[in-house]
Amino acid sequence: MPSENGAVNEGRAGSRIADIVVPVALDKAYSYAVPAGAALAEGDVVVVPLGPRETVGVVWALREGAGANLKSVLGRVDVPPMGEDLRRLIDWIAWYTLAPLGLAMRLALRIPGEDRAEQVRVGVRLAGEPPERLTAARLRVIAAAEGGLVYTKGDLAERAGVSLAVINGLVDTGTLEAVALPPEPVAGLPDPEHAPAALSPDQERAAAVLRAAVAERSFSVTLVEGVTGSGKTEVYFEAVAEALRQGRQALILMPEIALTAQFLGRFAARFGTAPAEWHSGISSRRRERLHRAVASGEVKVVAGARSALFLPFSDLGLVVVDEEHEQAYKQEEGALYHARDMAIVRARIDKAPVVLASATPSVETRVNAARGRYRHLVLPERFGGRTLPTMRAIDMRKKAPERGRWLSPPLLAAMRETRAAGEQSLLFLNRRGYAPLTLCRSCGHRFQCPNCSAWLVEHRFRRALVCHHCGHVERRPDNCPECGTVDALAACGPGVERLAEEVVEHFPDARVITLSSDFPGGIERLRRELEAIAAGEADIIIGTQLVAKGHNFPQLTLVGVVDADVGLASGDPRASERTFQLLQQVTGRAGRGDRPGRALLQTYQPDHPVMRALLSGDAAAFYAEEEAVREAAGLPPFGRLAAIIVSAPDRGEAEAHARALARSAEAPEGIDVLGPAEAPLALIRGRYRFRLLVRAARDSDLQGYLRAWIARTPKPPQRIRVTVDVDPMSFM
DNA sequence: AGCACGCCGACT
DNA sequence: GTCGGCGTGCTC
């Protein structure tokens, strides 16, 4: 039960009505009577009766009216009210994503009462006479506490080199006095002048533009595009500094995994203190405090994952979206939204500038920049004399490795050279496990997931076959389940586990580390491995997508992309864009301060646009081509696209409903309904998902069409769920 | 989202 | 007989 700190006065139903949004799947506000004399304002968090229970809600609007037959607001909750800007943002998100208003509101509501009340912290200071029994430990404590300052018990114990028992003993004798400590500040105060970075002329020009945008105190969007190592972060830090000088708040959104100690350290080096962090790993006590401190304006800079977007900033002066192109900005559960786009909407409401930063901006952002809707700044050079790695393709049709092997002679030669020079190589292969397909040499049987259309991936280490789509796991048998032949099962294709075997054969005395997200040992082990790599304790690193982001590999001079074609044949219209972004990032890891690195791409399609763009460094031509394809297909950002997702625990039921919806679509001119596919999209937590795509021409009202459709479609039985995802880009 | 109400099968 | 499974619908 939520705590009701500010009770609403008792009284007869008054002359005011409050429209209140409750955090449940309702698509409108409910009206409640405001008790006479109650001090209520729009945005206040209140407790209201809802059916047989009580719940919290937010006052969306107050109006005059009798409301005689309405239930009454029960009380006001003592948490920061939800500001006008946040309420408008939520209205917009609910309209845009077609999510029920209550669920959209939930994104910004911190349900109070979950968190314990602020604990009073106790400190001690020297107050009375020394005790009669003076021991060596006690003397050290008294010496350490000299000067009358207040210390926490633990702090003082550590300074004096004693245990807490000695401190408590001295409190009992009256030598030390316990005093209430003011609550610890939630975050330090960043100082814009602490340690400004020395910027290159390119960086300085970009920083000046951003500073001016912040000083203008109006909405604008600026794309900062710069290759890995070009110093984008230093540049947008100058925008943060300007917001601080203006006394305003700044929000830095980043993909959760990019919120590393390394980033916080860089921020602290520039501003003298770390920013307030906001992500799923933050404890609920701290969340509550941060929430209040952000509302009061005490916290100036928040670095956070996508949900930080809904913090109650009182004076937001800047929003930075780092790694703008990252798919992690897409919220896939509950209310479906794209944090980058919502950040832009929030900034528009708050009249604040937005900075989008990326080495490989997304197509939609490029198009917006090209159309003049966003400012576009390019940082062309690597900072500190680092140059981009040299790129070379290895045509696998001509330089094929031995049968059952995956490393071509040129790549092996490069690895040998690198090793001889005492430097590190990275082999990148975006495939977990041992082999992506297992088949029977006798009858041709292929192991397929019973739920999805995907092949089962062998994980030899776990002696299992795993579906990377839905998580289905089965034991790897010794004989074929189809024809019964013993020992006829063959692993086809490489995964990182299998690659590691091959590397050890070629380099028996090299120190090899394999990094993959499903690796045993979890985050802890991963961190240790990364530290070991940074310390030069590995010669060859084998990794999946994991190695593309965040972490620094200072000794790395060679990157070998084992199969650059992975992902190009997936049928996703963004396959090329994503592959380009990923390979650009991974190959960009090669190179040290003193000399450039090199990257080798093993590919069967050296003439593919992605490979051509990587080799020539001409991203502009590649993106022009991508845009043309999208435009011709009427895909975003040139057309609008939504997905209708039907899910049910029973596969047949889900599919039948999806087909029925497709038949009843009655799409008007300019709107196409595509699908559903024969096989389910995925099996997630026991539910089969089928999908319809709704494609609309440029100017048609996708939301209006979908709303009308939902309204006239009979409600399906409860076990069948229909959700709509109108994210402009991330629909696969 | 909760929570109650209601309609069906297996038990002390 | 009734306890309780879940499917359905409502909440100002």
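This structure is a prediction, so every number in the text was calculated from the model and none was measured. Chain naming here is simple, since letters A, B, ... match the order of the sequence lines and numbering starts at 1 in each.
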| query | Are Tyr329(A) and Tyr337(A) close enough that their ring centers fall under 6.0 Å? | reply | no
| Between Asn430(A) and Thr544(A), does any side-chain donor sit less than 3.5 Å from a side-chain acceptor? | no
| query | Atom CG of Leu62(A) to atom P of dC12(C): distance rounded to whole Å? | reply | 18 Å
| message | Can you confirm whether the side chains of Ser284(A) and Arg110(A) place a donor and an acceptor under 3.5 Å from each other? | response | no
| remark: In whole angstroms, the gap separating C1' of dC12(C) from CZ of Arg63(A) amounts to 10 Å
| field | Atom-pair distance (CG on Leu70(A); P on dT11(C)), nearest Å | value | 13 Å
| field | Between C1' of dT11(C) and NZ of Lys71(A), the distance in whole Å | value | 7 Å
| said: Nearest to the side chain of Arg106(A), heavy atoms from C-beta on, is which of dC12(C), dA1(B), dT11(C)? | reply: dA1(B)
| message | Please confirm whether the shortest side-chain N or O distance from Tyr30(A) to OP1 or OP2 of dT11(C) is below 4.0 Å. | response | no
| query | So, Asp315(A) and Gln249(A): side-chain donor and acceptor under 3.5 Å apart, yes or no? | reply | no
| request: Provide, to the nearest angstrom, the distance between the CD1 atom belonging to Ile720(A) and the P atom belonging to dG7(C). | output: 12 Å
| field | Leu101(A) CG - dA1(B) P separation (whole Å) | value | 15 Å
| request: Could you tell me the separation between the CD atom of Glu54(A) and the P atom of dA4(B), rounded to a whole number of Å? | output: 14 Å
| task | Could you state the atom-to-atom distance from CG of Leu50(A) to P of dC3(B) in whole Å? | result | 10 Å
| field | From dT11(C), dA1(B), dC3(B), nucleotide with atom closest to Ala25(A) side chain | value | dA1(B)
| NA contact type, Leu26(A), heavy-atom cut-off 4.0 Å: base, sugar-phosphate, or nothing? | base
